[in-house]
Amino acid sequence: MEQIADYAIAFLLVIAGIFGLVGSYGLLKLPETMMRLHAPTKASSLGVGGVLLASMAYTWVYEGRLSWHELLITIFIFLTAPITAKFIAKAHLHRSQIEDELPPTGVGTGWATFEPAHETIEPASGMVRGPGSE
Amino acid sequence: MELLVASAIGTMTACGIYLILRRTTFPVIVGLAMLSYAVNVFIFASGRLALAMPPIYDPATKGYTDPLTQALVLTAIVISFGMTAVIVMMALGAFLEHGSDRIDTDDDAPEDGA
Amino acid sequence: MIAYALTFAFACFGAALLMNLWRVFVAPGVPDRVLALDTMVINMIALLILYGIGAGSGVNFEAALLFAMTGFVSTVAYAKFMLRGDIIE
Amino acid sequence: MSLALIAALPFLGALLPGLMIRAGKNACALAAASATTLALILLGLNAPAVFRGEVIQTRIEWLPQLGLNANFFLDGLGFLFTGLILGIGLLIILYARFYLAKSDPMGQFYTYLMLFQGAMVGIVLSDNVLLLLVFWELTSLSSFLLIGYWKHLPEGRQGARMALTVTGAGGLAMIAGMLILGQIAGSYDLSVILTQKEAIQASDWYLPALILILIGAFTKSAQFPFHFWLPHAMAAPTPVSAYLHSATMVKAGLFLMARMWPVLAGTEAWFLIVSTTGLITMIIGAKIAFFKDDLKALLAFSTVSHLGLITMLLGFGTEEAAVVAIFHIINHATFKAALFMSAGIVDHEAHTRDIRRLGGLRTLMPLTFTIVTVAALSMAGIPPLNGFLSKEMMLEEAVHTVWWSSPWLLPALATIGALFSVAYSFRLIAHVFLGPVRDDYPAKPHDPGFGLWAAPAFLAVLVVLIGVLPMPMVGDLVKVTASAVTGEAAYVKIYHWHGFVPALFLSLTAVGGGFVMLGLYRPLARLWDRAPRPEAKAIFDGLMEPFAERSRRVTEALHDGALTRYFAIATVTIVAAAAFAFWGAPYAPGLRAMTPVAAVPLIGWTLLVGATIALFLYHRNRLLALVLVGIIGLMVSVGFVYLSAPDLALTQISVEVATVILLLLALNFLPKRSANLSTPARRTRDAVIAGVTGLGVGALIYALMLRDFAFPTIADYHLANAKSGGGGTNVVNVILVDFRGYDTFGEITVLGIAALVIFALTEALLRAGPANDRLTGWIPDARRAGDRHPLMLVVATRMILPIALMVGVYIFLRGHNQPGGGFIAGLVVAIALVMQYMASGFAWTQARQKIDYHALIAAGVLIAAACGIGAWFNGMPFLTSAFGYVHLPPLEEFELATAAIFDLGVFLTVVGAVMLALASISRIAIRAGETVNVRPYEIEPGRPVKIEEA
Amino acid sequence: MMGHWIIAPVVLPVIMGGLIVLAMRHDLLLQRVFSVAATVGLLAISGALLYAASTEPPEVYFLGDWPAPFGIVLVLDRLAAIMLTLTALLALIVQLYAIGTGWDARGRHFHALFQFQLMGLSGAYLTGDAFNLFVFFEVLLIASYGLMIHGGGKARLRAGVQYIAFNLVGSTLFLFALATIYSVTGTLNMADIAQKLLTLPEGDAALLRVGAVLLMLVFAIKGALVPLQFWLPATYAFAPGPVAALFAIMTKVGAYAVIRTGTLIFPPTTPATGTLIADLLAPAALVTLALGAIGVLGATTLARQAAFAAIASMGTLFIAVAPFTPQGTTAALYYLLHSTLGGALLFLVVDLVADRRGSDSTLKALPPIANQGLLAALFFAAAIAMAGMPPISGFLGKLLVMDATRGPGMALIWTTILLASFVTILGFARAGSTVFWKSHETQPEDPPRHMGEPLAWTAVCALLAGLVLLTIFAGPVTDYLSATSFELYDRAAYISAVLARAGE
Amino acid sequence: MLRRLFPHPYLTLLLIVTWMLLVNGTKLGSLVMAIILGTVIPLLTAPYWPNRPRLRNLPAIIGYVLVVLYDIVKSNFIVARIVLFMPKADIQPAWVTVPLDLQTPEAITVLAGTITMTPGTLTADMSSCGRALLVHCLHAPDPAAVRDEIKARYEARLKRIFE
Ligand code: NA
Ligand code: NA
């Protein structure tokens with residue numbers, strides 16, 4: 001039993017390590033920013049996920065208690081990774097201004113990064129209250 | 001380990017000093033932040049280094065690292081945070097009032113570095 | 001057994017971090033550097049947990065969680081700064 | 001007591017005019033006069049005793065630790081001078097009342113005048129040299145005010161400054177001299193010092209003391225080479241000149257020499273310095289006086305000359321000479337004051353003091369003419385006037401004095417002096433009053449009213465009386481005074497006919513020569529004008545102005561606002577001082593075993609140092625700089641985790657992100673790149689300074705880490721008592737909230753104040769002004785992308801915020817026993833809120849919450865304080881904690897600790913402070929024209945939108 | 001036995017500050033009333049403590065009831081009590097002035113910051129713990145940042161940035177110093193450090209000395225000791241008048257800290273440090289005095305002149321401190337009292353003048369201003385006070401200092417002191433005659449004669465009165481002060497009082 | 001009433017779970033605490049989350065989660081292969097526009113996230129009207145296929161869950 005658990009944990013660790021490495025290697029190797037973005041977003045996430053799983057398993061097997069903390073972290077990372085990725089992507093799009101390389105939205109408007117949002121905006125006067133304005 | 005910590009502190013201090021010798025507010029502020037990082041680690045290290053001996057009460061532990069310096073560092077971190085916040089705002093204010101973010105007031109050349 | 005695996009994982013994530021550092025030094029633009037920083041945080045968390053396994057102490061959990069949180073926030077902040085200038089508008 | 005009162009009365013009198021100015025000029029004059037009169041009366045009451053040879057004393061303890069006491073004593077010398085000061089003072093008060101114009105602020109004048117009078121009286125009555133110094137400097141200050149009385153006259157201001165500079169400096173020198181003297185004598189009381197002749201003259205410090213004190217006396221009495229300030233002081237109103245520059249202040253120096261005569265005189269040094277200075281002054285003064293065309297200037301230099309004469313006499317160091325000196329002091333006071341006042345009358349009536357524009361006044365102003373003639377002849381030393389007597393005696397003394405080992409040199413020079421003095425006295429009479437009446441006077445001259453001529457007339461009468469009946473008039477006075485000066489009973493005999501002694505011939509020579517010189521005035525004057533001579537004022541300004549100018553340049557150059565230079569200097573100083581301290585004592589390297597290094601920390605180190613170097617290289621790209629700071633902060637906190645400091649790691653990382661956010665917010669308005677403003681040379685210099693400092697700090701901490709504590713640390717106690725005494729297992733937190741909770745209390749106050757400052761600053765910036773203008777006209781310097789609040793983030797943060805809050809609560813609750821606590825919890829919550837701000841916008845978020853951050857901060861601090869005060873109620877000191885374990889079934893047992901309340905205060909303050917700071921800076925952004933979103937989503941897929949085709 | 005009253009000077013202002021922020025931040029009148037009330041209270045308490053200190057040996061307050069040196073202690077001795085009272089007195093006067101001139105209304109949170117400032121100052125005087133001293137330095141500093149830029153404005157803000165930046169470096173240095181000292185001695189309690197230094201192993205001396213010097217340098221920055229004085233002129237010149245007047249005490253905090261640590265922890269008898277402190281302090285003090293005096297002569301505005309006068313006074317003060325003898329310390333304390341009141345007076349007068357000249361204090365003749373005569377007189381008084389001319393206390397202070405510095409180096413010291421006085425009075429004379437006399441050239445007819453601001457005039461007169469009293473009662477005051485310095489050099493009493501419970 | 005007390009019942013549930021995960025145990029006291037917090041916090045944060053999303057049919061949710069988890073792992077192997085073994089020249093990145101049928105912000109967010117975490121695709125932006133996503137493919141010889149897979153594999157499922 002222990003043995004199997006050991007193998008499982010070791011396997012998880014090795015996989016995790018590899019993916020972690022891949023993520024950062026991709027960051028170096030891939031030629032374009034957009035492509036580079038793929039690597040860490042996915043691989044690194046999985047890598048750290050693997051480590052966290054391994055840790056859970058480890059504490060379960062060797063300390064007899066089930067530690068849910070790692071799970072929490074994993075979830076958090078997986079929730080936030082896409083957002084981070086999207087923001088960096090947008091920053092890249094904005095900085096490199098490659099609007100014309102992009103496909104049309106097909107719904108009439110342009111891509112959000114290159115257009116002010118379509119909504120009624122009004123100046124701030126009197127809008128703010130609370131401690132900000134006394 | 002001691003050598004690593006000491007050299008790290010030294011590097012951060014050097015960088016901080018170099019930055020506070022720049023002539024616009026922003027690098028000076030960053031430099032001050034660096035100095036406070038450096039001094040925080042300095043205080044911490046002045047309690048000597050210890051691995052895997054957190055100052056959390058634990059009957060099974062082989063010993064504890066110095067908790068006092070840690071408390072001091074915490075206080076120092078918080079205070080320097082407050083100070084940084086203030087000087088950042090003042091620098092911004094000075095820039096808005098004057099139109100230049102030079103920190104030296106010896107030559108009042110308007111708008112530069114923008 | 002686990003020890004070897006741990007060492008291997010340590011090595012991988014350590015190497016990963018060095019690569020990130022390299023990316024910070026040489027990158028076409030700030031977005032890439034921010035990406036590198038973000039990855040750094042992730043790898044750090046991994047190392048932290050590995051260290052926890054190695055030392056058999058779960059004390060590092062809060063740190064890891066907080067790293068994740070702050071890493072996310074600061075990455076978003078940097079990006080939003082590049083996009084809009086004002087990060088709280 | 002009465003002596004102190006005499007000294008005090010003028011000061012009291014100084015207050016009155018200021019208070020009574022509304023009551024009119026007469027009231028002022030009357031107030032001053034009555035104070036003076038009262039003092040005179042008090043003095044008179046002491047006269048019998050003084051003439052009996054007694055010494056009246058008054059002792060009031062003031063600063064005994066220093067030996068400075070308000071001790072006064074009255075002997076003959078004091079009596080004479082007090083009499084002169086008060087008596088002539090009274091006349092001046094009368095005279096000034098009529099002399100000053102309607103427009104002149106009378107109140108001020110009398111205030112200053114009485115201040116001066118008081119100071120003078122203080123000098124001559126002091127029995128304590130330190131007290132004497134107080135009054136001494138006071139005369140310099142009050143004369144400064146009097147000379148500058150006519151503020152609109154530049155000459156007045158310059159004259160005042162010059163007088164203050166010279167006499168003030170002399171006074172300072174005298175301070176040193178007196179302190180030395182006091183040290184030698186073992187007391188600062190004159191009555192003691194005067195008994196210490198042997199000790200003083202034997203001491204190595206005698207000569208320095210003598211010189212320093214003489215500098216004081218010479219400057220005050222306008223002795224060569226300090227004589228130049230006196231004529232410029234003549235810009236003062238004539239009453240002032242008459243009072244200060246003839247009768248009193250300039251005599252203060254003489255007084256001091258007379259006072260110190262018993263202990264300082266009688267040595268070779270004294271003789272050579274004092275008599276020589278006096279002689280030179282006498283001759284030079286007389287010569288210049290002869291050629292002066294300004295009446296007052298002429299009188300001024302004649303005064304210089306006569307002061308020189310008296311100084312010379314004191315310098316002789318013989319009893320007889322001292323007697324003569326005293327006698328001449330009296331005589332000079334009478335005729336010179338009379339002359340000054342008459343000059344004032346002429347000026348007042350003819351509206352000019354220029355001798356070249358005068359002449360022939362004899363018939364127009366007969367009364368004035370008479371007064372001037374009497375006084376001037378006395379000054380010339382014509383019998384039977386008092387001036388004749390003292391001059392005669394002076395020449396007598398000169399004849400008996402061997403000087404620079406020559407028996408005839410001194411008499412010859414003295415005679416030349418006398419000759420000049422005759423010459424200018426005659427010229428005064430001849431060129432002003434004799435000769436034809438002119439038709440081009442600036443104003444029609446005529447004798448003034450009684451008020452103006454009364455005082456000089458009275459003095460003229462004295463001149464005659466003393467001249468005719470010296471012994472009855474002043475014999476006793478001279479005797480008692482001389483005894484006081486010399487210290488033993490002086491023998492005084494004044495008579496008109498000495499027989500055919502050398503002095504007689506010298507005197508005749510002088511008079512004859514005087515006539516001749518007057519006859520030769522025109523050619524001599526032409527010679528004089530052609531002769532090159534140093535202009536005192538030019539020299540003085542030539543010294544002072546460059547000094548002031550150089551001071552200005554040095555000061556401005558040093559404090560020009562170049563902060564970075566200040567930093568460079570400070571850094572170098574600090575490093576140097578530290579090095580100096582280190583190499584000043586033995587150092588034994590530590591013997592502590594090094595902590596082993598694994599590969600992972602080595603990588604961490606590489607990252608940290610790498611990022612730091614990158615920051616050093618790329619710091620001009622400010623955004624990148626912040627990214628690097630982010631990395632460094634991350635690495636530092638990871639380091640803390642690795643080195644068993646979880647609390648530090650948590651705090652560091654959350655503070656770091658808060659800082660970065662703050663800097664980003666500010667950077668939005670600041671230039672995005674740092675201009676390169678320093679030369680390569682300067683950058684190298686800075687790099688060197690930085691490098692050395694870094695090395696020093698690194699070496700220091702390395703040396704420290706490698707040694708064991710010299711003594712067991714107090715931390716052991718904390719580790720031992722955290723659980724039992726503090727009720728927590730996280731020792732760091734227990735220290736923060738309990739052992740050293742007071743630190744934390746101060747610390748959160750700092751944080752709260754920081755937020756308040758930021759808020760107040762924002763308010764100031766948003767008021768009308770350049771900052772506000774710059775903001776309202778703000779144009780972002782970078783192109784801005786669309787999509788302010790990307791939908792994904794908005795949605796995500798709505799999930800994350802509650803969880804983050806929960807994490808915050810969790811970290812707060814466990815803080816006492818596990819890493820965490822109020823501070824970190826506060827930051828976590830704050831960061832969660834910031835996330836919300838970033839996602840949905842400041843205004844939108846702000847509008848949806850009721851919390852007032854000011855209140856939050858205040859509440860936090862007050863709760864912490866209350867928690868501390870709570871301890872008082874069970875008799876414990878501030879911040880004494882209490883804890884207990886509660887068990888209410890079916891729940892498990894849990895702990896309640898007052899520390900938690902304290903930590904709550906910390907928590908609230910942190911949240912409030914961080915949020916108030918961010919809120920304030922966001923308001924700046926809004927003033928800069930940020931618009932505010934009204935909806936949570938700016939992109940709402942559900943909502944139909946109008947699409948304008950590009 | 002003062003019991004809990006010892007901590008009142010810290011707790012009262014912080015609570016008042018908190019309440020002002022919490023409840024009164026929209027009502028200036030309330031703020032004024034309560035703030036003044038609090039300051040009066042502070043003054044009363046300080047007075048009581050002053051009396052208690054004079055009747056009892058140093059009294060210790062064990063915060064959190066932890067025995068020293070493990071917890072933080074407050075120590076009430078004569079020195080602390082004097083500083084507390086002086087601060088409270090000055091604060092009250094300045095506060096009245098600020099209210100009278102309406103300065104407190106020119107920005108937000110003046111009174112809250114003011115109270116926090118007092119909290120910081122009181123805490124610094126009372127604490128017996130080195131690190132806690134740092135904390136309260138920070139409290140008083142950050143409050144001072146707020147007060148310094150109160151009302152905003154371009155020049156003030158730029159000066160403010162420099163002020164903060166310089167002091168942040170100082171704070172960092174403070175931490176380096178404390179860490180070094182702790183790292184050698186393993187304790188933070190000042191009495192405990194003092195005691196441990198007596199038996200410090202020789203090999204540790206060098207490192208400890210580094211710590212000691214760094215610490216002293218921190219205080220030197222606060223005390224504007226050359227070459228660390230650069231922050232002062234611009235700060236004081238651009239700070240609001242009343243704040244500058246309050247700052248008269250800020251430099252004295254540096255002096256206080258030097259005296260405290262120099263007598264308690266590093267007296268010349270300490271084997272490790274020996275005369276290290278004195279050796280460095282004495283020359284620096286002389287240069288400071290000289291530079292300050294030259295600055296007074298060379299200054300281009302009244303405000304800067306006042307600032308340099310402040311620097312000069314610190315020089316004189318440190319000259320008296322440097323020998324670390326009871327006599328010297330007594331002189332230093334007397335001069336401290338004098339120069340605080342005198343400096344404040346000068347700054348307030350300058351503020352009144354500048355205010356009447358359209359906040360222009362440059363040394364040039366402008367048309368006569370309201371109350372010119374009175375202001376001229378007050379300026380004259382303040383000037384002779386700062387120049388150390390009679391009859392005002394400065395002269396006595398100067399004599400005390402000179403008397404205390406007899407012996408080797410006396411010639412140099414006395415010459416410097418006397419020449420400095422000379423140059424200073426010269427500078428003030430030039431300034432005064434330009435500003436107050438020359439103006440009569442520019443415009444003969446009568447100036448606008450408005451008095452106004454009764455509170456402000458009260459404040460100014462109060463300061464002047466203070467100086468006069470200090471002069472008249474120089475004897476008794478000096479008695480108390482010499483008792484104080486005796487207490488300071490009798491460390492045993494202090495140490496034993498603090499470490500009484502060390503056994504627990 | 002209940003609706004006012006629990007503006008977001010799912011959130012409340014989530015929070016309770018989170019708390020139990022945090023305290024890492026099943027003490028009764030912790031549960032009480034969890035329930036308190038789970039009630040209070042949503043009330044506090046309710047203003048930030050005006051409209052509550054309606055979730056239905058749990059099996060669909062579970063199914064979706066499993067699919068995504070599987071894809072994440074799979075996608076990582078793909079990415080790893082590309083990064084490690086594919087020569088730079090052969091990599092064919094592409095931009096794809098994914099028109100949206102989904103309208104709920106929450107749903108779109110989940111979709112976008114999923115796209116990013118799954119094979120070779122990454123959500124880069126959204127059309128300024130919110131009706132299309134801009135997706136970047138690391139290596140997509142046939143972009144159209146990618147788009148169709150996304151719509152079929154994820155969006156369809158999400159529609160069933162959210163709308
Ligand atoms: Na603390
Ligand atoms: Na803290």
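Letters go in sequence order (proteins before strands), and every chain restarts at 1.
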Which heavy-atom pair separates [X] from [Y] by the least distance, and what is that distance?
| X | Y | result |
| --- | --- | --- |
| D:Asp647 | B:Leu74 | O-CD2, 4.0 Å |
| B:Met1 | D:Pro596 | CB-O, 4.0 Å |
| D:Val732 | B:Pro67 | CG2-O, 3.9 Å |
| D:Ala715 | B:Asp66 | CB-OD1, 3.4 Å |
| B:Ala8 | D:Val609 | CA-CG2, 4.4 Å |
| B:Ala71 | D:Ile735 | CB-CG2, 3.4 Å |

Contacting region of [X] [heavy-atom separation from chain B under 4.5 Å]:
| X | result |
| --- | --- |
| D:Leu608 | side chain |
| D:Leu775 | side chain |
| D:Ala722 | neither |
| D:Ile714 | side chain |
| D:Val697 | both |
| D:Arg592 | side chain |
| D:Ala917 | neither |
| D:Glu556 | neither |
| D:Ala658 | both |
| D:Asn676 | neither |
| D:Val914 | side chain |
| D:Leu761 | side chain |
| D:Asn817 | backbone |
| D:Val636 | side chain |

Identify which part of [X] has an atom lying under 4.5 Å from any heavy atom of chain D, answering side chain, backbone, both or neither.
| X | value |
| --- | --- |
| B:Phe44 | side chain |
| B:Leu3 | both |
| B:Val86 | both |

Worked verdict on D:Phe709 versus B:Arg48 for side-chain contact (heavy atoms from CB on, under 4.5 Å): CA-CA 9 Å; D:Phe709 284 93; B:Arg48 313 299 189 261; 3.8 Å; yes

Determine whether a donor-acceptor pair (N or O, by modelled atom type, separation under 3.5 Å) exists between the side chain of [X] and the backbone of [Y].
| X | Y | value |
| --- | --- | --- |
| B:Asp104 | D:Leu563 | yes |
| D:Thr564 | B:Arg23 | no |
| D:Arg683 | B:Arg22 | no |
| D:Ser644 | B:Met53 | yes |

Are [X] and [Y] close enough that some pair of their side-chain heavy atoms sits under 4.5 Å apart?
| X | Y | result |
| --- | --- | --- |
| D:Ile632 | B:Tyr37 | yes |
| D:Gln652 | B:Val73 | no |
| D:Thr595 | B:Leu51 | yes |
| B:Leu68 | D:Thr713 | no |
| D:Trp778 | B:Leu96 | yes |
| B:Phe42 | D:Leu700 | yes |
| D:Pro671 | B:Phe26 | no |
| D:His619 | B:Val30 | no |

Under 3.5 Å, sequence neighbours excluded: what are the donor-acceptor pairs made by side chains of residues 10-21 of chain B?
from	atom 1	to	atom 2	distance (Å)
B:Thr11	OG1	B:Ser7	O	2.5
B:Thr13	OG1	B:Ile9	O	2.7

With a 4.5 Å cut-off on heavy-atom pairs, point out which of [options] contacts chain D the most.
| options | answer |
| --- | --- |
| B:Met89, B:Glu2, B:Met34 | B:Glu2 |
| B:Ala33, B:Ala91, B:Gly47, B:Ala85 | B:Ala85 |
| B:Ala50, B:Ala45, B:Pro55 | B:Pro55 |
| B:Leu92, B:Leu4, B:Val41 | B:Leu4 |

Quick check on the interface: out of D:Gly691, D:Ala598, D:Ala611, D:Ala687, who has the most heavy-atom pairs with chain B under 4.5 Å? D:Ala687

Among D:Leu670, D:Ile824, D:Leu662, the residue with the most heavy-atom pairs under 4.5 Å to chain B is D:Leu670

What do the steps show when you test B:Met83 against D:Val750 for side-chain contact (heavy atoms from CB on, under 4.5 Å), and what is the final call? CA-CA 8 Å; B:Met83 296 291 172; D:Val750 169; 4.2 Å; yes

Decide side-chain contact (heavy atoms from CB on, under 4.5 Å) for B:Ile29 and D:Leu663; before the verdict, give the C-alpha distance in whole Å, the side-chain angles of both, and the deciding distance to 0.1 Å. CA-CA 9 Å; B:Ile29 293 172; D:Leu663 283 163; 3.9 Å; yes

Going through the distances and angles, do D:Val655 and B:Val78 end up as a side-chain contact (heavy atoms from CB on, under 4.5 Å)? CA-CA 8 Å; D:Val655 163; B:Val78 178; 5.6 Å; no

